[in-house]
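Values below: all heavy atoms of this structure, side chains included; hydrogens, waters and symmetry mates excluded. Quantities reported herein were computed from a predicted structural model and do not represent experimental measurements.
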Amino acid sequence: MNTPAGNIHEFTVSELAGSLKRTVEDAFGHVRVRGELGRVIVAKSGHVYFDVKDDKAVIASIAWKGTAQRFRFRPEEGLEVVIEGRLSTYPGRSQYQLIVESMEPAGAGALMALLEERKKQLAAEGLFDADRKKAIPFLPTTIGVVTSPTGAVIRDILHRLQDRFPRHVLLWPVLVQGEAAAGQIAEAIRGFNALSAGGPVPRPDVLIVARGGGSIEDLWAFNEEIVVRAAAESAIPLISAVGHETDTTLIDFASDRRAPTPTGAAEMAVPVRAELKASLTQTGGRLVAALSRHIERRRTELRSAARALPRPASLMELKRQRFDMIADKLDPALLNHAAEKRGRLRVLAAGLKPAALSRDLRQKRELLAERAGRLAPAADRVRRDRKRDLDNWSARLEALSHQSVLKRGFVLVRDRAGKLVRSGASLIEGAGVDLVFADGERAARIEGGRRAPKRAPETPEPVRKSKPKPKPRGKPEAEGQGKLF
């Protein structure tokens, strides 16, 4: 039996979840919470999910992408923070969560801990290494200044430069405090580096990033990672002058030089003009004096060396005398040489008369005729000797030929395979052989030879009749040669 529910209103799950959401948001539309960050998750969308906790409770929190981009520091687990936002619920998981609208570190102690942690991280990357530091130019032509255009800092820098050594100054106005300050400072440093040399806007030879003193919160923009990386990447030498002498920010470690004050940065950038002029005057005077002493010393050395040298006239006297003596001998020597060559020419010319040439030509012609007459008999004699040798060798070759042996009555015996038969014992009774005579070949069959081993009878091989070779002319055929067997 069902009991009636009475007058209790019946909610759907969505209605109840929506009612709880409105109730929580109305009651906690704006809250300020202090606690420690738990797990921190940055989604691909840019939203940041994290927990805020103390020793007794945990509240899930979320910072939308637009809000997270305005944070002046990176949320990290274990950092104590102060959060402002509103409380809401997430019906899909039946949980409440804190929608963050702003978040700050909880006091200077937390900021210093965050600063120290960031300093260690950037130092580990080598951004503060001494070998990255660049030298400041002695006398820059153009100085770039990154600071606020309305503060006393830019006036102090310009005034100090005017007193020491007036230079061309380019100001890149930026905010030096607040959420947008870090991005503008980093953009200014990179913008100066992006200027091309020789362009319409001169590229600075040195940069000064400056700000007056303040609390750690006021100077926090110069501790941001984006500013520190821009300073470390700067190809233009950079002087940091942030705060007072006791203030230290991370840009001081990444810069090439750190000045205690903005005025001190101007003093580092340029020398004192009056002192430089005085130094140049003093150095010029010392140079002139040194040159004068050097010239006088060289002049003295030259005089001493000149006194040790003999007189120029005495150096030439001996050479002049030798020249005169040789010149006196030159004319007779030339005449004697010409006379000697003339006599030699006469002797040679006498031997070149036409009669002598004709006589020599006649002698050579007679010698040639004599040798030509001796050449023909000698050639005939050599030819006869060679013919006689050839006939002797031909006779020997004919005597050693097997045809000569056959003509004397011998016969060559070959079996049917064409092999030469050297022994009668190798012949088998009834085997066919070929007999080679001087005038041709004849076929024959062996009788009375050794008997062949017994084997199955086979058709007797017919006697192969070779065609007789044509009879040589002039020689009668031998009779009875085919009836030897």
Side-chain angles (χ1 to χ4, degrees), residues 72 134-195 199-224 226-228 230-232 234-278:
R72 296 188 303 168
K134 295 176 287 295
I136 306 300
F138 176 72
L139 186 59
T141 303
T142 303
I143 300 174
V145 180
V146 179
T147 189
S148 172
T150 58
V153 171
I154 184 61
R155 292 195 298 272
D156 292 343
I157 292 176
L158 293 176
H159 180 70
R160 195 59 174 165
L161 290 176
Q162 186 66 28
D163 288 344
R164 291 174 66 87
F165 207 121
R167 298 280 86 188
H168 181 61
V169 177
L170 290 178
L171 172 64
W172 195 301
V174 296
L175 294 176
V176 293
Q177 183 176 344
E179 297 178 355
Q184 292 186 11
I185 296 170
E187 182 181 359
I189 296 174
R190 292 193 172 100
F192 272 131
N193 279 271
L195 294 175
V201 178
R203 190 172 191 263
D205 301 310
V206 65
L207 297 182
I208 297 176
V209 180
R211 187 203 186 282
S215 64
I216 185 173
E217 290 85 357
D218 296 336
L219 304 178
W220 192 255
F222 298 92
N223 292 319
E224 293 293 349
I226 185 176
V227 175
V228 177
S234 175
I236 303 174
L238 188 144
I239 301 174
S240 63
V242 179
H244 300 300
E245 187 171 357
T246 56
D247 296 325
T248 303
T249 57
L250 294 184
I251 193 176
D252 296 331
F253 298 99
S255 62
D256 299 301
R257 289 285 297 276
R258 176 185 181 269
T261 61
T263 303
E267 294 175 354
M268 290 181 181
V270 295
V272 179
R273 184 173 184 177
E275 294 177 357
L276 184 60
K277 291 177 65 176

Engineer: Please say whether more than 12 non-hydrogen atoms of neighbouring residues, nucleotides or ligands are located less than 6.0 Å from CZ in R273.
Structural biologist: no
Engineer: Using 0.5 Å steps for rounding, measure from the CG atom of N223 to the CG atom of D252.
Structural biologist: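 These two atoms lie 8.5 Å from each other.
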Engineer: Measuring from atom OG of S255 to atom CG of L238, what distance do you get when rounded to the nearest 0.5 angstrom?
Structural biologist: 6.0 Å
Engineer: Going through the distances and angles, do T248 and F253 end up as a side-chain contact (heavy atoms from CB on, under 4.5 Å)?
Structural biologist: CA-CA 9 Å; T248 303; F253 298 99; 3.6 Å; yes
Engineer: So, the side chain of D163 versus the backbone of R160: is there a donor-acceptor pair under 3.5 Å, distance only?
Structural biologist: no
Engineer: In Å and rounded to the nearest 0.5 Å, what is the CH2 to CD distance from W220 to E179?
Structural biologist: 14.5 Å
Engineer: L219 and G212: which non-hydrogen atoms are nearest, and at how many Å?
Structural biologist: CD2-O, 3.7 Å
Engineer: If you define the side chain from C-beta out and look only at heavy atoms, does anything of P237 sit under 4.5 Å from P137?
Structural biologist: yes
Engineer: For the residue pair I226 and G183, what are the closest heavy atoms and their distance?
Structural biologist: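 Of all heavy-atom pairs spanning I226 and G183, the closest is CD1-CA, 4.5 Å.
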Engineer: Any side-chain heavy-atom pair from I236 and R203 closer than 4.5 angstrom?
Structural biologist: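 Contact flag for I236/R203 side chains = yes.
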Engineer: Please report the shortest heavy-atom distance between I189 and S234, naming the atom on each side.
Structural biologist: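 Answer, listing the atom of I189 first, then S234: CG2-CB, 4.1 Å.
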Engineer: Run N193 and L207 through side-chain contact (heavy atoms from CB on, under 4.5 Å) and show every step you take.
Structural biologist: CA-CA 10 Å; N193 279 271; L207 297 182; 4.1 Å; yes
Engineer: Of all heavy-atom pairs between V227 and A182, which one has the smallest distance, and what is that distance?
Structural biologist: CG2-O, 3.4 Å
Engineer: Could you walk me through whether L139 and R167 pass side-chain contact (heavy atoms from CB on, under 4.5 Å), step by step?
Structural biologist: CA-CA 9 Å; L139 186 59; R167 298 280 86 188; 4.2 Å; yes
Engineer: Is any side-chain heavy atom of F222 less than 4.5 Å from a side-chain heavy atom of V176?
Structural biologist: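 Counting from C-beta outward, F222 and V176 do come under 4.5 Å.
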Engineer: Quick check on side chain to side chain contact (heavy atoms under 4.5 Å, CB included): which of T142, D205, L161 does H168 satisfy it with?
Structural biologist: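 Of T142, D205, L161, side chain to side chain contact (heavy atoms under 4.5 Å, CB included) with H168 is met by T142 alone.
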Engineer: Evaluate the side-chain proximity of S148 to I154: yes if any heavy-atom separation is below 4.5 Å, no if none is.
Structural biologist: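 No; the side chains remain at least 4.5 Å from each other.
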Engineer: Please check this pair: side chain of R164 against backbone of V270, looking for a donor-acceptor N/O pair closer than 3.5 Å.
Structural biologist: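 A pair under 3.5 Å: yes.
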Engineer: Using the side-chain contact (heavy atoms from CB on, under 4.5 Å) rule, take D218 and R211 through it: C-alpha gap first, then chi angles, then the decisive distance, then the call.
Structural biologist: CA-CA 10 Å; D218 296 336; R211 187 203 186 282; 3.7 Å; yes
Engineer: Search all heavy atoms of Q177 against all heavy atoms of A181 and return the closest pair with its distance.
Structural biologist: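 Where Q177 meets A181 most closely, the heavy atoms are N-CB, 3.5 Å.
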Engineer: If I compare all heavy atoms of A210 with all of I157, which pair ends up nearest, and what's the gap?
Structural biologist: CB-CD1, 3.9 Å
Engineer: Do the side chains of P262 and V145 get nearer than 4.5 Å, heavy atoms only?
Structural biologist: no
Engineer: Please report the interatomic distance CZ(F165) to NZ(K277), rounded to the nearest 0.5 Å.
Structural biologist: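 Reported to 0.5 Å precision, the distance equals 9.0 Å.
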Engineer: Is the shortest heavy-atom distance from the side chain of L276 to the side chain of F138 under 4.5 Å?
Structural biologist: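 Yes, their side chains come closer than 4.5 Å.
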Engineer: Are any non-hydrogen side-chain atoms of M268 and I208 less than 4.5 angstrom apart?
Structural biologist: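 No, their side chains stay 4.5 Å or more apart.
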Engineer: Check whether Q184 reaches the backbone of L175 with its side chain - one donor and one acceptor, N or O, closer than 3.5 Å.
Structural biologist: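 Side chain of Q184 to backbone of L175, a donor-acceptor pair under 3.5 Å: yes, one is there.
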Engineer: Please report the interatomic distance CD1(I251) to CD1(I239), rounded to the nearest 0.5 Å.
Structural biologist: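 Rounded to the nearest 0.5 Å, the CD1-CD1 separation comes to 12.0 Å.
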Engineer: Distance check, rounded to the nearest 0.5 Å: I143 atom CD1 versus L171 atom CG?
Structural biologist: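 The CG atom of L171 is 12.5 Å from CD1 of I143, to the nearest 0.5 Å.
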